[in-house]
2 protein chains.
Amino acid sequence: MSSAATRPAGPDHLWSVDEHLEDILTTVRPLEPIELQLLDAQGCVLVEDITVPVSLPPFDNSSMDGYAVRVADVAGAGEEFPAVLEVVGDVAAGSAGLVRVGPGQAARIMTGAPLPPGAEAVVPVEWTDGGLGEGPVSGMRARSLAPEGAEGHVRVHRPAEARAHVRAKGSDVKAGDRALEAGTILGPPQIALLAAIGRGTVRVRPRPRVVVLSTGSELVQPGEELGSGQIYDSNSFALTAAARDAGAIAYRVGAVADDADTLRSTIEDQLIRADLLVTTGGVSVGAYDVVKEALSYAGDEDEAGSGVEFRKLAMQPGKPQGFGSIGPDHTPLLALPGNPVSSYVSFELFVRPAIRTLMGLEDVHRPSARATLKAHKALRSPKGRRQFLRGTYADGEVTPVGGAGSHLIAALAHADALIVVPEDVESVEPGTEVEVVLLG
Amino acid sequence: MSSAATRPAGPDHLWSVDEHLEDILTTVRPLEPIELQLLDAQGCVLVEDITVPVSLPPFDNSSMDGYAVRVADVAGAGEEFPAVLEVVGDVAAGSAGLVRVGPGQAARIMTGAPLPPGAEAVVPVEWTDGGLGEGPVSGMRARSLAPEGAEGHVRVHRPAEARAHVRAKGSDVKAGDRALEAGTILGPPQIALLAAIGRGTVRVRPRPRVVVLSTGSELVQPGEELGSGQIYDSNSFALTAAARDAGAIAYRVGAVADDADTLRSTIEDQLIRADLLVTTGGVSVGAYDVVKEALSYAGDEDEAGSGVEFRKLAMQPGKPQGFGSIGPDHTPLLALPGNPVSSYVSFELFVRPAIRTLMGLEDVHRPSARATLKAHKALRSPKGRRQFLRGTYADGEVTPVGGAGSHLIAALAHADALIVVPEDVESVEPGTEVEVVLLG
């Protein structure tokens, strides 16, 4: 039986927004972790504590292009009385360290190259004559054009303290340190650190695969000819885009006609690639409400977690909603209403948090803010329903866009916030402070 | 010649951060627009004004599941004295309108179905007996289970005003209205509107294809064995992830050894799939600085827009930088320094705005804020250089993380902001207000 069935909620119970959301969030569980290539794990949540296997840097190395020297050899050096040192070779980044610096000697060294044995400090090339026997230079000539730079003599114009321009082994992180903690979201800098300590793969919760279906015999694919009584399918496009925006890998199945058998077999077909199913339409009280009809058959009463429950919510838009699970893996399914604004608002309130819960994220909700209502007249809201109106938010003020009608897609496309009118409020005067959900 | 060559900037000119950025942003042009499938255009910038071809809704339709009636027939109706009407059939969504409602008649109608001729209003099914001859019902039975619901008689318990529960044709948008303006970024609600008005494809600037290469003979792929003097390649991973985060389609080519011919041929090979090339390493004053060496050959002096210029910036980290264009299409190339923190900070400051400029976005920069420095001691910064330190930002305060060293990747992975210390400031006391770049 579905988790919802444990509540004392008959078919006529009017669910609050919070009850429905709580039912979803306590039922949907984070996906099982998998090992992913580093770049495939971007945006995912780490499920393991990562320990540094080898110190960074792994060896003392130069932070400058210059010369590796012994401190005593350059003590008191100046441009007028330079220290003249024998150049015993190059140490490039990636060198395995064949050069040794003895008294009176220097090795030409590149940024990131290991400090050679015998050397105690690095002097930048700009503090030397670069081996050319003239004044200070601004850089080295390319090895391929001037191989003689790796030999001969260099004049050093300034002294250096021990360890000058040397990055010590382990000065970034040490072997055994905690690099990242389980629960970290992997963005570019975290991926940088994982790569730097040698991790090619990492254990994370994967992005959920979300299958989006819209239902309705009136729906025509955009770009095709509209017949009498028909409209274009917009929900499957909007919700696929919204699922991607929430972090999911989303598949748009498109519009299914109002036939229960067709819908049932389409859903069964899609289960193999779905961590979450989202349908729109067919959940209300009509005689052709195919999602309700088709999914009433899908639950096995003896099977834990199977079955979709259809509910009325104390909400506008979005009163009729379905939630449950389906198929052998008890794949969660959210059945949203079919009006475009209803389905979009329902997605933001219920599906987005479900997707982010599947990803293992802590913070599953859109940010909200308090804002002053900027309007010419009071907003009206039905008693006992939590209303979500579209608005534009800026600098602590929110302005309603369009009316309350759940078919007003154009207004939705010009909004960036939802204005929340609580259940017990029937009128909101201009200048009142209201809660807004920021749609990012 | 490159745009940079028009400036009075010799090889020893020290460029400010702003000069370098301006050079990039005045050189890089938005990509040519292409026609994309709606869902492929998500996050892209529209380059055409979109006009509504057909009004939405395209026809008067019902906002409820109920009965389409004539107003006079239900005038004065109540539960005790209901209006009894003959049900002449169903009007489902997608119906082409064969039913006509005459005096004393009603058509059972579904949400979204066209208002049939003769009908003037819709009464919700909850205001009727649903044709069952008993009290008010809460919904209709499915047509497939109870086909008799489309005929017989219905008792209506409440009157309805003309147009009640009817959504008028064109009440969302009218044919000829401006739906969206050129310059709009296409998120889910904008995609909803485009689909709803029948647009299957749309003209946008595509996401730029960014090729990321790191250079250095010391670099080993994460997951492999680290030899003496070697480190793991982290830059190509970090910058590929960062490019995707900025909106690009990014290709990680990985680490190329410090050999000019190999690098040149790798870059030439990649040009075919690159709108922007990003390299790391090999741009400083060393004898093995392969990017500088390889790309000094790439420019054709007689060709507009060809050639990469290597510069010193008044910045820490990130002093050495290269910028220019390469190949027959003058593909822009940014050559970043090789230290991990330097390359990441350079990406944020220069590559991210370049990517967003290619996308045609207006807002190309990370948001910045003012914050109070929370630290145990003053921050030190070299005179004449703009310094970018890593920090964590919360509630108007910023706390430095790690030191100034450009090899400190672990600190970077725990930061979410860059603390900006201006060129003329050498010390910042705790409690001072500073500018921070929010890495989001």
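Every chain is numbered from 1, with letters handed out A, B, ... down the list of sequences.
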Relative to chain B, which of A/Pro222, A/Gly223, A/Gly139 shows the most heavy atom pairs under 4.5 Å?
A/Pro222
Write down the atom of B/Ala287, the atom of A/Met140, and the distance for their closest heavy-atom approach.
N-SD, 3.4 Å
Segment of B/Gln190 engaging chain A (4.5 angstrom heavy-atom cut-off)
both
Side chains of A/Ile231 and B/Pro57: closer than 4.5 Å at any heavy-atom pair?
no
Which heavy atom in A/Ala192 sits nearest to a heavy atom in B/Ala238, and how many Å separate them?
CB-CB, 3.5 Å
To the nearest 0.5 Å, what is the distance between OG on A/Ser234 and CZ on B/Arg199?
15.0 Å
Measuring only between side-chain heavy atoms, which start at C-beta, is A/Phe237 closer than 4.5 Å to B/Leu39?
yes
Heavy atoms only, distances under 4.5 angstrom: which of A/Gly112, A/Pro340, A/Ser171 has the most pairs with chain B? Name it, please.
A/Ser171
Ignoring hydrogens and angles, tell me if any N or O in the side chain of B/Gln230 forms a donor-acceptor pair with the backbone of A/Gly94 under 3.5 Å.
no
Between A/Pro124, A/Gly66, A/Gly149, A/Ala242, which has the largest tally of heavy atom pairs under 4.5 Å with chain B?
A/Ala242
Judged by atom type as modelled, is there a donor-acceptor pair below 3.5 Å linking the side chain of B/Asp172 to the main-chain atoms of A/Ala410?
yes
Sub-4.5 Å side-chain heavy-atom contact between A/Met110 and B/Asp289
no
Interatomic distance, A/Ile191 atom CD1 to B/Ile409 atom CD1 [nearest 0.5 angstrom]
13.5 Å
Could you tell me the separation between the CG atom of B/Asp65 and the OH atom of A/Tyr288, rounded to the nearest 0.5 Å?
11.5 Å
Side chain, backbone, both or neither of B/Thr111 within contact of chain A (heavy atoms, under 4.5 Å)
side chain
If you count heavy-atom pairs under 4.5 Å between each of A/Ala196, A/Ser63, A/Ala92 and chain B, which one has the most?
A/Ala196
Determine whether A/Asn339 and B/Arg167 make a side-chain contact, defined as any pair of heavy atoms from C-beta on separated by less than 4.5 Å.
yes
Chain A contact via B/Gln221 - which portion, at a heavy-atom distance below 4.5 Å:
neither
What's the spacing between B/Leu193 CG and A/Leu412 CG if we round to 0.5 Å?
8.5 Å
List the atom of A/Ala413, the atom of B/Pro189, and the distance in Å for their closest heavy-atom pair.
CB-O, 3.6 Å
With chain B, which of A/Gly227, A/Gly216, A/Gly440, A/Ser144 has the greatest number of heavy-atom pairs at distances under 4.5 Å?
A/Ser144
Is A/Ala142 in contact with chain B via its backbone, its side chain, both, or neither, using a 4.5 Å heavy-atom distance?
both
What's the spacing between A/His414 NE2 and B/Leu180 CG if we round to 0.5 Å?
5.0 Å
Contact winner vs chain B - A/Asp90, A/Leu239, A/Leu38, A/Val220, heavy-atom pairs under 4.5 Å:
A/Asp90
Closest contact, heavy atoms only, A/Tyr344 versus B/Pro188
CE1-CB, 4.1 Å
Interface check, chain A: of B/Ala146, B/Gly200, B/Gly229, most non-hydrogen pairs under 4.5 Å belong to B/Gly229
Taking the side chain as everything from C-beta on, heavy atoms only, tell me whether B/Leu226 gets closer than 4.5 Å to A/Pro58.
yes
Look up atom OG in B/Ser138 and atom NZ in A/Lys312, then write down how far apart they are to the nearest 0.5 Å.
5.0 Å
Go through B/Thr240 and A/Gln42 one step at a time and tell me if the side-chain contact (heavy atoms from CB on, under 4.5 Å) criterion holds.
CA-CA 10 Å; B/Thr240 301; A/Gln42 186 172 0; over 6 Å; no
